[in-house]
Amino acid sequence: LAKHSNGSQLIMCLFFLTGNICRSPIAEAVFRKMATDAGVVDKWRIDSAATSTYEIGNPPDHRGQACMKKHGVPMRHVARQVTKEDFMSFDYILCMDESNLSDLKKKANSVKNSKAKIELLGSYDPEKQLIIKDPYYGHEEDFENVYEQCVRCCKVFLENNS
């Protein structure tokens with residue numbers, strides 16, 4: 001675990017997706033707000049990243065930003081690609097679907113000192129919706145569904161790690 005400036009352990013959590021402009025920045029923003037509201041945000045390093053290079057440097061999708069604004073969740077993110085260092089420094093890498101999971105596991109196998117626990121964020125969903133569906137080609141309500149799933153999953157994940 002990384003060290004906080006005060007010497008305590010930081011829990012590192014990376015949310016992961018193909019492009020890093022829809023689901024993963026929503027999950028990152030939801031989790032950061034939850035950790036902040038619970039008074040534990042300083043125990044975490046929270047980020048999100050992508051497998052692809054398509055969206056590097058871009059802000060989150062405007063529909064996702066509008067959804068977060070509606071729910072009063074601050075969102076400040078610029079898409080970036082996952083690095084080998086991420087597998088060595090993050091404790092958890094949480095992804096949204098099976099194709100991300102298999103991509104991540106392949107990448108992790110090529111990193112010598114990978115320590116990240118790679119799992120589906122949906123595995124924490126009390127409603128047992130394992131996959132968080134990509135809203136990119138959908139409508140506002142699809143972003144709303146992603147938000148609601150992320151809230152349920154992040155709440156359980158935070159409770160399990162507090």
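One is the number of the first residue; the rest follow in order along the sequence. Values in this document were obtained by computation on a predicted structure and should not be read as measured data.
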Walk me through it: do Val82 and Phe87 pass the test side chain to side chain contact (heavy atoms under 4.5 Å, CB included)? CA-CA 8 Å; Val82 71; Phe87 291 98; 4.1 Å; yes
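- Within the model, atoms CE of Met96 and OG of Ser24 stand 5.5 Å from one another, a figure rounded to the nearest 0.5 Å.
- Residues Lys107 and Ser110 approach most closely at O-OG, 2.7 Å, considering heavy atoms.
- Ile26 is not listed as a side-chain neighbour of Phe15, based on a closest heavy-atom distance of 4.5 Å or more.
- When every heavy atom of Gly19 is checked against every heavy atom of Glu55, the shortest pair comes out as O-CB, 3.3 Å.
- Distance CG/Asp97 to CZ/Arg23: 5.0 Å, rounded to 0.5 Å.
- Between the side chain of Arg63 and the backbone N or O of Glu141, no donor-acceptor pair lies under 3.5 Å.
- Atom SG of residue Cys22 and atom CD1 of residue Ile132 lie 12.5 Å apart, to the nearest 0.5 angstrom.
- In terms of the salt bridge (Lys or Arg N to Asp or Glu O under 4.0 Å) criterion, residue partners of Arg152 (sequence neighbours excluded) are, by chain and number, Asp125, Glu127.
- Remark: side-chain polar atoms of Gln81 are paired, donor with acceptor, to backbone N or O of Thr51 under 3.5 angstrom.
- Residues Leu120 and Cys95 are in side-chain contact: their nearest non-hydrogen atoms beyond the backbone lie under 4.5 Å apart.
- Note that the OG atom of Ser48 and the CD1 atom of Ile93 stand 12.0 Å from one another [nearest 0.5 Å].
- Looking only at side-chain heavy atoms (C-beta outward), His77 and Asp47 come within less than 4.5 Å of each other.
- Although no hydrogens or angles enter the test, the distance criterion places a donor-acceptor pair under 3.5 Å between the side chain of Asn20 and the main chain of Arg80.
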- Task: Just do the side chain to side chain contact (heavy atoms under 4.5 Å, CB included) check on Val151 and Met34 with the steps written out, would you?
- Result: CA-CA 9 Å; Val151 166; Met34 261 181 209; 3.7 Å; yes
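- Residues Met68 and Val30 form a side-chain contact, since some pair of their non-hydrogen atoms from C-beta on lies under 4.5 Å apart.
- Applying the ring pair (Phe, Tyr, Trp, His ring centres under 6.0 Å) rule to Phe157 yields the partners Phe31, Trp44, Tyr92, Tyr124; only residues at least two apart in sequence or on another chain are considered.
- Linking ILVMFWY residues whenever their side-chain heavy atoms come closer than 4.5 Å, directly or via other members, leaves Tyr136 and Ile131 in distinct clusters.
- With a 4.5 Å cut-off on side-chain heavy atoms, Asn145 and Pro135 do not count as touching.
- Across all their heavy atoms, Gln65 and Pro59 have their closest contact at NE2-CB, 3.9 Å.
- A salt bridge links Asp91 with Lys115: the closest approach of a Lys/Arg side-chain nitrogen to an acidic carboxylate oxygen falls below 4.0 angstrom.
- Cluster membership for Leu104 and Ile21, using ILVMFWY side-chain heavy atoms within less than 4.5 angstrom, is not shared.
- Looking at Glu28, its side chain never comes within 3.5 Å of a backbone N or O of Ala49 through a donor-acceptor pair.
- Every residue meeting the salt bridge (Lys or Arg N to Asp or Glu O under 4.0 Å) condition with Glu144, not counting sequence neighbours, appears here in chain and number order: Lys70.
- At distances below 3.5 Å, at least one donor-acceptor pair connects side-chain atoms of Asp86 with backbone N or O atoms of Thr83.
- Salt bridge status for Lys33 with Asp37: present, with a side-chain N to carboxylate O gap under 4.0 Å.
- When atom types are taken as modelled, the side chain of Asn109 and the backbone of Lys106 share no donor-acceptor pair closer than 3.5 angstrom.
- With hydrophobic clusters built from ILVMFWY side chains whose heavy atoms lie under 4.5 angstrom apart, Ile56 does not share a cluster with Val78.
- Summarising the geometry, atom SG belonging to Cys153 is positioned 11.5 Å from atom CD belonging to Glu148; distances are rounded to the nearest 0.5 Å.
- The shortest non-hydrogen separation linking Cys154 to Ala27 is SG-O, 3.9 Å.
- In terms of hydrophobic clustering, with Ile, Leu, Val, Met, Phe, Trp and Tyr side chains grouped at heavy-atom distances under 4.5 Å, Val156 and Ile46 are assigned to a common cluster.
- One finds the OG atom of Ser123 at 6.5 Å from the CG atom of Leu130 (value rounded to the nearest 0.5 Å).
- Cluster annotation: Val41 is connected to Leu94 through the hydrophobic network of ILVMFWY side chains, with a link wherever side-chain heavy atoms come within less than 4.5 Å.
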